[in-house]
J.: 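This is the structure I want to talk about, given as C-alpha cells.
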Amino acid sequence: MTTEQAEPLWTALEGLPRPTLKELFTDTSRLANYATDLDLPGGPIRFDWSKTHLSAEVEAQLAAIAAAMDFAGRRHALIDGEKINNTEGRAAEHTAERGIGKDSSVEQAAEFHARMQMLVDAIHEGALGDVKSLIHIGIGGSALGPALAIDALTRNGAKVAVHVVSNIDGCALEAAMKACDPATTMIALASKTFTTTETITNAFSALDWLREGGVSDPYGRVIALTAAPDKAVEWGVDETRILPFSETVGGRYSLWSSIGFPVAIALGWQGFAEFLDGAAAIDRHFIDAEIGENVVVRAAFADLYYAQVRGCQTRAVFAYDERLALLPSYLQQLEMESNGKRVHADGTPLHRASAPVTWGGVGTDAQHAVFQLLHQGTHLIPVDFLAVKAQGHDLDPAHHEILLSNCFAQGAALMAGKSSEDGARAYPGDRPSATILCDELNPATLGALIAFHEHRTFVSAAMLGINPFDQFGVELGKAIAKQIESGGGEGFDPSTEALLQAAGIGG
Ligand code: F6P
C-alpha cells in the first residue's frame with residue numbers, strides 16, 4: 001500500500017469520537033492499559049501514557065495505518081540492515097552497535113568496540129601518560145549525545161574530566177581550554193565525515209593551544225572518532241589513534257559507536273557497556289512486543305495522533321531531573337533532523353504534517369517560565385515528563401520530594417483544569433501529558449531512554465512513509481556560508497548584502 005492509499009485511514013482517524021481525558025478515565029482499567037512498567041537492566045521504568053487521548057479505537061485505527069504502511073516490514077528492514085536510508089543508499093545500523101542486527105554488522109561493531117576498549121583501558125591505566133582531561137570536539141550528533149551522557153552520568157565524578165566543545169564560536173573552545181592543562185589533556189575529534197567546518201576549525205585551534213602549551217607532538221594527543229578514517233589520516237592523525245565506526249551508523253544515532261568514546265573515558269568501559277545493554281533491552285522490546293503492549297509504538301501513536309489529528313505543531317519534553325537537562329536538545333536533533341521532511345522516501349510530496357517542533361526544558365525551572373502557556377495558552381501541546389525516583393544528590397531528600405511532587409502536579413493540573421467565573425483564572429484542562437518514571441538514573445537507564453526515543457522517531461517516520469536517516473535540509477545554508485567565507489558574498493538579497501557589509505565580511 002502507498003502513502004496515498006493510507007490517506008483514507010488517516011481521514012477515518014480524524015473522524016473518530018474525541019472523548020476528554022476525564023471521560024477516558026471513567027474506564028477503570030485505563031491506568032492498567034496505558035501505564036506499562038518495563039523491567040530493564042538499569043532498573044524498572046514506567047511509561048505512563050494514560051493521560052493522553054489514546055483509546056482502544058484510536059490505537060486500532062493507528063494500527064491499521066501501521067499495517068497499511070508495512071510498519072512491521074520496515075522494522076525488520078531496519079534491524080536486518082537493509083538499505084532503508086534509500087536516498088543515501090545505505091542501511092541504518094545503530095542497533096548493531098548494541099549487539100542487535102545483521103550478524104556481520106554486529107561482528108564489525110564488536111571489533112570496533114574492542115579496539116575502542118583497548119584505548120580506553122590504556123588511557124585509564126596511564127599508558128598514554130597522565131591524562132586528566134579530554135576535550136571532545138564535534139558537533140550535532142557527534143556532540144549532543146556525549147554531552148548529554150556525560151552531564152547525566154558524571155555529576156558525582158568522572159575518571160577523566162570531559163569537556164564537550166561544538167560551536168565554531170571560539171568562546172566555547174576557549175572555555176574548555178581555560179579549564180584544562182595542555183600537559184595533561186587529550187583531544188578527541190569526533191566527526192563521522194571528518195569534513196565538518198566547525199570541528200576541523202576547532203581542531204586546528206586545539207592543536208595550536210597544545211603546541212603553545214609546550215606539547216612537543218600535539219598530533220600525538222589526538223584521537224579521531226570517525227567513519228572516514230582515510231580523511232583523519234590525511235589530516236594528520238596517527239592510524240593507531242583512529243577509532244572507526246561504520247558508515248551505516250547515522251550521525252544522530254552514533255553515540256553507541258566510537259562517538260561514545262568520551263563517555264567510556266569518563267565512566268570507564270564497564271559503564272559504557274551497561275549503557276549499550278540498556279539500549280539493547282529496549283531494542284528487544286521494540287522488536288518483540290505486540291503493538292498494544294509496545295511502549296515505543298504507543299508513544300509514536302500518541303505523537304502521530306496529536307500532530308496529524310489534533311493539529312499540534314509542537315511537543316514539549318520536561319526533565320524533572322537536573323541530570324537530564326540536556327535531553328531536550330538531544331531529542332531536538334534526533335526528532336527534527338530525522339523527521340522534519342517535506343517529501344516521502346520516494347520523493348513525492350508529503351501532504352501531512354511532518355515532525356512537530358520538539359522543545360522543552362528542565363523542571364521545576366520551566367514551571368516558572370513557560371508553563372503558563374501550557375495551561376492557559378491557545379495551543380494544544382502534548383507534554384512528556386521525565387523523572388527519576390532516586391535522587392542524584394546528597395542533600396535533604398525534601399528537595400527530591402518537592403521536585404517529584406511538582407512533576408506529578410503538573411500532569412494532573414494539565415488534565416484536570418479548573419473552572420472559574422473569572423476567565424483569567426480558569427484552566428480548560430484536558431491537556432495531554434505522558435510520564436516516564438525511572439527508578440534510577442544510571443548508564444543502562446540512560447541507554448534505554450535514548451533507544452526508546454530513537455525507535456519512537458522511527459515508528460513515526462515509517463507510518464508517514466518518510467526517510468528519517470538523511471538530512472539534506474542542512475546543506476544549503478552550509479554551501480552559502482562556504483561561498484561567503486571564500487569571498488563570494490555577492491548577489492544575495494538586499495538584507496543579507498547589508499548585513500555582510502555591516503559586519504565587514506564576505507569581501
Ligand atoms: O549538518 C548536520 C550534520 O550532518 C549532522 O547530521 C551531524 O550529526 C553533524 O552535522 C556533524 O557531522 P559530522 O559528524 O560528520 O561532523
Side-chain angles (χ1 to χ4, degrees), residues 84-85 87-94 97 112 116 135-150 164-169 172-173 187-206 222-237 242-263 326-341 354-355 358 450 453-454 457-458 461 466-485:
I84 54 168
N85 177 358
T87 51
E88 296 181 300
R90 58 180 178 236
E93 298 192 285
H94 41 286
E97 301 290 321
F112 287 152
M116 176 170 151
I135 299 183
H136 174 91
I137 298 175
I139 198 163
S142 294
L144 289 163
L148 163 63
I150 287 159
V164 177
V165 173
S166 51
N167 202 344
I168 184 69
D169 184 340
L173 182 58
I187 309 288
L189 295 188
S191 177
K192 180 175 176 185
T193 56
F194 225 80
T195 57
T196 304
T197 306
E198 290 90 334
T199 301
I200 301 299
T201 309
N202 277 325
F204 278 122
S205 296
V222 173
I223 293 166
L225 321 172
T226 185
D230 296 354
K231 292 217 174 67
V233 170
E234 231 172 82
W235 191 81
V237 185
I242 296 177
L243 296 176
F245 65 96
S246 166
E247 177 76 8
T248 58
V249 176
R252 54 192 169 276
Y253 300 86
S254 63
L255 178 56
W256 324 97
S257 72
S258 63
I259 295 293
F261 170 77
V263 182
L326 298 181
L327 185 67
S329 53
Y330 178 85
L331 295 180
Q332 282 184 319
Q333 187 200 18
L334 175 64
E335 299 181 5
M336 292 161 75
E337 198 167 76
S338 296
N339 288 352
K341 306 284 165 67
S354 70
T358 307
I450 297 176
H453 284 95
E454 283 180 346
T457 307
F458 174 79
I466 63 182
N467 174 7
F469 299 114
D470 64 13
Q471 59 284 321
F472 293 109
V474 301
E475 297 305 330
L476 178 60
K478 284 187 199 173
I480 296 178
K482 284 229 157 71
Q483 188 189 336
I484 295 172
E485 283 156 40

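First listed ligand is number 1; within each ligand, the first listed atom is number 1.
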J.: Output a table of donor-acceptor pairs, distance under 3.5 Å, between side-chain atoms of residues 225-234 and any protein atom two or more places apart or on a different chain; print 'none' if there are none.
T.:
unit_1 : atom_1 : unit_2 : atom_2 : d
Thr226 : OG1    : Ser191 : O      : 2.7
Thr226 : OG1    : Lys192 : O      : 3.1
Thr226 : OG1    : Ala228 : N      : 2.9

J.: Test your reading of the model: is there a side-chain donor-acceptor pair from Glu337 to the backbone of Gln471, 3.5 Å cut-off?
T.: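 No; judged by distance alone, with no hydrogens or angles, the pair does not exist.
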J.: Under 6.0 Å between the ring centres of Trp256 and Phe112?
T.: no
J.: With heavy atoms under 4.0 Å as the rule, classify the contact between Lys192 and ligand 1 as side chain, backbone, both or neither.
T.: both
J.: Can you tell me the protein heavy atom closest to atom 9 (C) of ligand 1 and the distance?
T.: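 Protein heavy atom at minimum distance: Ile139 O, 3.6 Å.
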J.: So, the side chain of His136 versus the backbone of Ser142: is there a donor-acceptor pair under 3.5 Å, distance only?
T.: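 Checking the backbone N and O of Ser142 against the side chain of His136, a donor-acceptor pair under 3.5 Å is found.
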J.: Among all protein heavy atoms in this structure, tell me which lies nearest to atom 2 (C) of ligand 1, with the distance rounded to 0.1 Å.
T.: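 Looking at atom 2 (C) of ligand 1, the protein heavy atom closest to it is Glu337 OE2, 3.5 Å.
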J.: Quick one: side chain to side chain donor-acceptor pair (under 3.5 Å) pairs with a partner in residues 473-482, sequence neighbours left out?
T.: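 Of all non-adjacent pairs touching residues 473-482, those that pass side chain to side chain donor-acceptor pair (under 3.5 Å) are Thr197-Lys482.
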J.: Have a look at Gly251, Gly250, Gly141 and point out the one with the heavy atom closest to atom 8 (O) of ligand 1.
T.: Gly141
J.: Should you measure from each heavy atom of Thr196, which atoms of ligand 1 turn up under 4.0 Å away?
T.: 12 (O), 13 (P), 15 (O), 16 (O)
J.: Check for me whether Glu475 has a heavy atom closer than 4.0 Å to any atom of ligand 1.
T.: no
J.: If you have a sec, work out which protein heavy atom is nearest atom 15 (O) of ligand 1 and how many Å separate them, to one decimal?
T.: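 For atom 15 (O) of ligand 1, the nearest protein heavy atom is Thr193 OG1, 2.6 Å.
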J.: Among all protein heavy atoms, pick out the one at the shortest distance from atom 1 (O) of ligand 1; state its residue, atom name and that distance to 0.1 Å.
T.: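 That would be Lys478 NZ, 2.9 Å.
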J.: Please could you name the atoms of ligand 1 that Gln471 approaches to less than 4.0 Å, counting only its heavy atoms?
T.: 6 (O)
J.: How long is the span from the CZ atom in Phe245 to the CE atom in Met116, to the nearest 0.5 Å?
T.: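 The CE atom of Met116 is 11.0 Å from CZ of Phe245, to the nearest 0.5 Å.
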J.: After noting the C-alpha distance and the side-chain angles of Leu255 and Leu148, does the key distance pass the side-chain contact (heavy atoms from CB on, under 4.5 Å) rule?
T.: CA-CA 10 Å; Leu255 178 56; Leu148 163 63; 5.7 Å; no
J.: Check ligand 1 against Val474 and write out every atom of the ligand that is under 4.0 Å from a heavy-atom position of the residue.
T.: 1 (O), 2 (C)
J.: Could you tell me, atom by atom, which parts of ligand 1 come under 4.0 Å of a heavy atom of Ser191?
T.: 13 (P), 14 (O), 15 (O), 16 (O)
J.: Decide yes or no on side-chain contact (heavy atoms from CB on, under 4.5 Å) for Asn85 and Asp470, but give the supporting numbers first.
T.: CA-CA 7 Å; Asn85 177 358; Asp470 64 13; 4.1 Å; yes
